[in-house]
Asks: 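Dumping the structure here so I can ask a few things about it.
All residue numbers in this chain count up from 1 along the given sequence. Start at 1 and go down the list; that is how both ligands and their atoms are numbered.
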Amino acid sequence: LNTHTFTALSKVDYNLGMVRENIILTGFMGTGKTAVGKALAAQLGYKFVDTDALIEQRAGQSIAEIFRVEGESAFRAWEAGVAEELAGGKEMIISTGGGMMLDRENAAHLAQTGRVFCLTASAAEIVRRLEHEVEVRPLLAVPDPAARVSELLAQRASGYAQFRQINTEGREIAAIAQEIRALMETETIAVSSPEGPYEVAIGSQLLPHVGQIAGIHGPFAIISDSNVGPLFAEQCKGDWLLTIPAGEANKTLATANALYGQLLDCGFDRQGTIVALGGGVVGDVAGFVAATYMRGVDFVQCPTSLLAMVDASVGGKTGVDLPEGKNLVGAFKQPRAVIADLDTLVTLPAVEFSAGMAEVIKSGIIADPELFALAEAYAPQLMDPSGRAHELLTSVVSKSVQVKRDIVEADPFEHGRRAWLNLGHTFGHAIEQVSGYAVRHGDAVAMGLVAAAHLSAELGFCDSALESRIGDAALGVRLPIRIPEQLEAEALLAAMSTDKKRVTGRLRFVLPRAIGEVFVTEEPQPEQVLATLRHRGAG
Ligand SMILES: NC(=O)c1ccc[n+]([C@@H]2O[C@H](COP(=O)([O-])OP(=O)(O)OC[C@H]3O[C@@H](n4cnc5c(N)ncnc54)[C@H](O)[C@@H]3O)[C@@H](O)[C@H]2O)c1
Ligand SMILES: [Zn+2]
């Protein structure tokens with residue numbers, strides 16, 4: 001009987017629960033605030049409040065009458081009163097009059113109760129939508145309403161720009177409501193770093209909002225690879241797209257060099273921001289370029305592989321490979337923001353998803369038993385791209401990011417605790433290397449995690465059941481755990497002894513004590529390591 005899986009299933013609940021904050025809709029008249037607001041209210045079971053309707057009710061006259069009789073300033077006073085009153089409420093969708101949120105105090109009152117979204121559409125589209133309402137819209141009671149709309153839009157552009165923009169043109173109400181719900185369910189994790197704090201946003205439909213989520217002001221260049229660029233770059237609305245060929249073989253100085261040249265050709269300067277859109281290879285190269293181009297420009301990570309989301313994009317390490325070895329040239333470069341759009345994972349090949357899960361399982365073993373139990377209990381759901389519940393994926397990614405965050409915050413430059421992240425990697429790197437990189441990184445890490453548990457149990461540091469528990473978790477996400485027997489134990493041991501992470505003459509390992517607790521030790525003797533390697537399948 002597999003008891004640990006049973007406890008995991010009965011205890012673990014990945015549902016993060018809906019956020020019950022207010023949703024405040026702003027934007028020009030005719031952008032769909034009422035229709036979208038009502039759809040959201042119905043879906044979420046929230047109360048729908050239209051500030052103009054509320055004012056008409058309170059004033060006992062129509063907005064047009066208030067404007068005509070008492071003037072615009074009287075109307076603005078009504079708005080201020082309503083903003084203050086609504087600031088006390090919960091679970092509301094508040095559709096605000098077009099100018100209401102442009103007032104600093106109104107915005108402050110309402111924004112503290114929830115999140116603000118600004119619906120947008122072009123002037124031409126707005127005029128078309130309002131064709132039949134010109135009489136009841138006092139601002140449009142002019143000879144040329146179209147010119148008036150353009151003029152007002154231009155006046156308000158900078159005011160609206162402070163809010164998250166949602167384009168409504170050519171879209172169904174349901175799709176717009178869905179995008180807003182996705183943004184409401186975005187999880188954010190704050191990370192502090194030597195170069196200042198930044199946030200990791202985890203959610204869906206985030207790529208169209210990259211500029212705003214990351215707070216990018218100037219122009220931005222997207223660096224992506226030949227697989228990811230064609231799939232997702234357009235959504236990000238960058239000023240330039242630079243595409244590198246996909247694959248680890250291209251994580252080189254030559255690629256960085258080509259990117260420098262292309263950035264110069266674009267006229268890209270220090271005002272610009274580099275946005276990495278892709279897996280860990282893109283993140284590492286683009287980050288290295290951002291760290292070095294013109295002595296450093298702003299950098300944003302949009303990881304699209306599970307491995308990049310849970311591991312490579314957080315922590316500030318960037319770099320390229322040399323013919324002599326991986327990651328031998330690099331720099332620390334902290335991102336301004338990390339934006340993990342989970343929707344991108346749908347196209348990620350299954351083997352790449354499994355590779356990411358190896359790091360997830362590793363993070364669980366290092367510091368989060370609940371995360372480990374999630375990977376254990378929900379492996380089939382996680383491995384099915386169409387059956388993955390959004391909350392499950394959000395939970396797995398955010399818990400993994402938190403484990404990494406806690407470690408890199410405590411040890412930003414890799415002097416101590418950051419070594420924990422090498423759990424399973426001392427064995428894993430040796431396996432990759434001795435196989436001539438025929439064994440993939442994620443697979444090698446899975447083999448390494450199980451080997452670490454075996455070695456730890458042999459030395460009396462952990463329960464002997466840990467080895468099979470970790471092994472089962474890895475098998476559940478389709479990771480192999482037996483070391484191929486063509487790999488000789490002696491050769492693997494020799495490779496471990498030359499690993500660049502070795503500091504003293506002795507072999508140094510990160511070993512598990514239990515799920516959620518690891519430690520660093522130099523106790524293992526070469527014979528014990530050899531015995532572990534052979535036990536795990538090595539020749
Ligand atoms: N900087 C760090 O702290 C850190 C940590 C761990 C790993 N890394 C580095 O990360 C790299 C591995 O990252 P990786 O596993 O993401 O490799 P990768 O970037 O090569 O991506 C794997 C493959 O998946 C494709 N891909 C990525 N996202 C996709 C998507 N959404 N849809 C379809 N295809 C997609 C890529 O084009 C590539 O072919 C290694 O170079 C490693 O050294 C860095
Ligand atoms: Zn790894």
Asks: Does K404 come within less than 4.0 angstrom of ligand 1, counting non-hydrogen atoms of the residue?
Replies: yes
Asks: Taking non-hydrogen atoms only, is N327 closer than 4.0 angstrom to ligand 1 via side chain, backbone, both or neither?
Replies: side chain
Asks: Purely on distance, is any nitrogen or oxygen of F232 under 3.5 Å from one on ligand 1?
Replies: no
Asks: Name the option, out of L348, V346, N250, that contains the heavy atom nearest to atom 35 (C) of ligand 1.
Replies: L348
Asks: Write out the residue and atom name of the closest protein heavy atom to atom 36 (C) of ligand 1, then the distance separating them to 0.1 Å.
Replies: D225 OD2, 3.4 Å
Asks: Check this for me - ligand 1, T318, N or O atoms closer than 3.5 angstrom, yes or no?
Replies: no
Asks: Checking one value in my table: which N/O/S atom of E359 lies closest to the Zn ion (ligand 2)?
Replies: OE2
Asks: Do R164 and F117 form a cation-pi contact, if we require the NZ or CZ to be under 6.0 Å from the six-membered ring centre and within 45 degrees of the ring's axis?
Replies: no
Asks: Distance to 0.1 Å, residue and atom name: give those for the protein heavy atom nearest to atom 14 (P) of ligand 1.
Replies: G280 N, 3.5 Å
Asks: Can you tell me how the ring of F509 sits relative to the ring of F427, calling it parallel under 30°, perpendicular over 60° and tilted otherwise?
Replies: tilted
Asks: Nearest heavy atom to atom 16 (O) of ligand 1: which of G442, G316, P349, S305 does it belong to?
Replies: S305
Asks: Please determine whether the number of non-hydrogen atoms from other residues, nucleotides or ligands lying under 6.0 Å from atom CZ of R417 exceeds 12.
Replies: no
Asks: Any N/O/S of D311 under 2.8 Å from the Zn ion (ligand 2)?
Replies: no
Asks: Relative to ligand 1, is E352 under 4.0 angstrom through side chain, backbone, both or neither, heavy atoms considered?
Replies: side chain
Asks: Could you point out which residue of L348, V396, T344, D341 forms a side chain to side chain contact (heavy atoms under 4.5 Å, CB included) with M309?
Replies: T344
Asks: Indicate, as side chain, backbone, both or neither, the part of L307 found under 4.0 angstrom from ligand 1 when only non-hydrogen atoms are considered.
Replies: side chain
Asks: For atom 25 (C) of ligand 1, grab the closest protein heavy atom and report residue, atom and distance to one decimal in Å.
Replies: N227 ND2, 4.1 Å
Asks: Pick whichever of A312, G356, G283 has a heavy atom sitting closest to atom 5 (C) of ligand 1.
Replies: A312
Asks: For ligand 1, is any non-hydrogen atom under 4.0 Å from A246's backbone (N, CA, C, O), its side chain (CB onward), both, or neither?
Replies: side chain
Asks: Considering only the protein, which heavy-atom contact is closest to atom 21 (O) of ligand 1, and what is its distance?
Replies: G279 CA, 4.1 Å
Asks: Counting both backbone and side chain atoms, is some N or O of T347 under 3.5 Å from an N or O of ligand 1?
Replies: yes
Asks: Check the angle between the aromatic planes of F268 and W240 and answer parallel, tilted or perpendicular using the 30° and 60° thresholds.
Replies: perpendicular
Asks: State whether R506 and E523 are salt-bridged, where the test is any N-O pair (Lys NZ or Arg NE/NH1/NH2 against Asp/Glu carboxylate O) under 4.0 Å.
Replies: no
Asks: Are the charged groups of R440 and E432 less than 4.0 angstrom apart, N to O?
Replies: no
Asks: Do L530 and E490 have side chains that get closer than 4.5 Å, going by heavy atoms?
Replies: yes
Asks: Could you check which of E248, K251, M309 puts a non-hydrogen atom nearest to atom 43 (O) of ligand 1?
Replies: K251
Asks: What is the closest protein heavy atom to atom 18 (P) of ligand 1, and at what distance does it sit?
Replies: V281 CG2, 3.8 Å
Asks: Run the numbers for me: atoms of ligand 1, each under 4.0 Å from some heavy atom of T304, listed by number.
Replies: 27 (C), 28 (N), 29 (C), 30 (C), 31 (N)
Asks: Examine the proximity of ligand 1 to V228 and report which part, side chain or backbone, both or neither, has a heavy atom under 4.0 Å away.
Replies: side chain
Asks: Please list the nearest protein heavy atom to atom 44 (C) of ligand 1 with its residue and the distance rounded to 0.1 Å.
Replies: D284 OD2, 3.2 Å
Asks: So does E527 have more than 12 non-hydrogen atoms from other groups sitting under 6.0 Å from CD?
Replies: yes
Asks: Check for me whether R388 meets the cation-pi criterion with Y378, that is, NZ or CZ under 6.0 Å from the six-membered ring centre and within 45 degrees of the ring axis.
Replies: no
Asks: So, E376 and R469, do they make that salt bridge, N to O below 4.0 Å?
Replies: yes
Asks: Mind checking whether K326 contacts ligand 1 via backbone (N, CA, C, O), side chain (CB onward), both or neither, at a 4.0 Å heavy-atom cut-off?
Replies: side chain
Asks: Are any non-hydrogen side-chain atoms of L241 and S224 less than 4.5 angstrom apart?
Replies: yes
Asks: Please list, in number order, the atoms of ligand 1 under 4.0 Å from a heavy atom of T344.
Replies: 30 (C), 31 (N)
Asks: Should K326 and D321 count as an ion pair when the cut-off is N to O under 4.0 Å?
Replies: no
Asks: Using the salt bridge (charged side-chain N to carboxylate O under 4.0 Å, His left out) rule, pick out the option among R270, K333, R336 that qualifies with D298.
Replies: R336
Asks: Answer with side chain, backbone, both or neither: which part of D321 has a heavy atom less than 4.0 angstrom from an atom of ligand 1?
Replies: neither
Asks: Would you say CD of Q525 has more than 12 non-hydrogen atoms from neighbouring residues, nucleotides or ligands within 6.0 angstrom?
Replies: yes
Asks: Quick one: report the N, O or S atom of H425 that is nearest to the Zn ion (ligand 2).
Replies: NE2
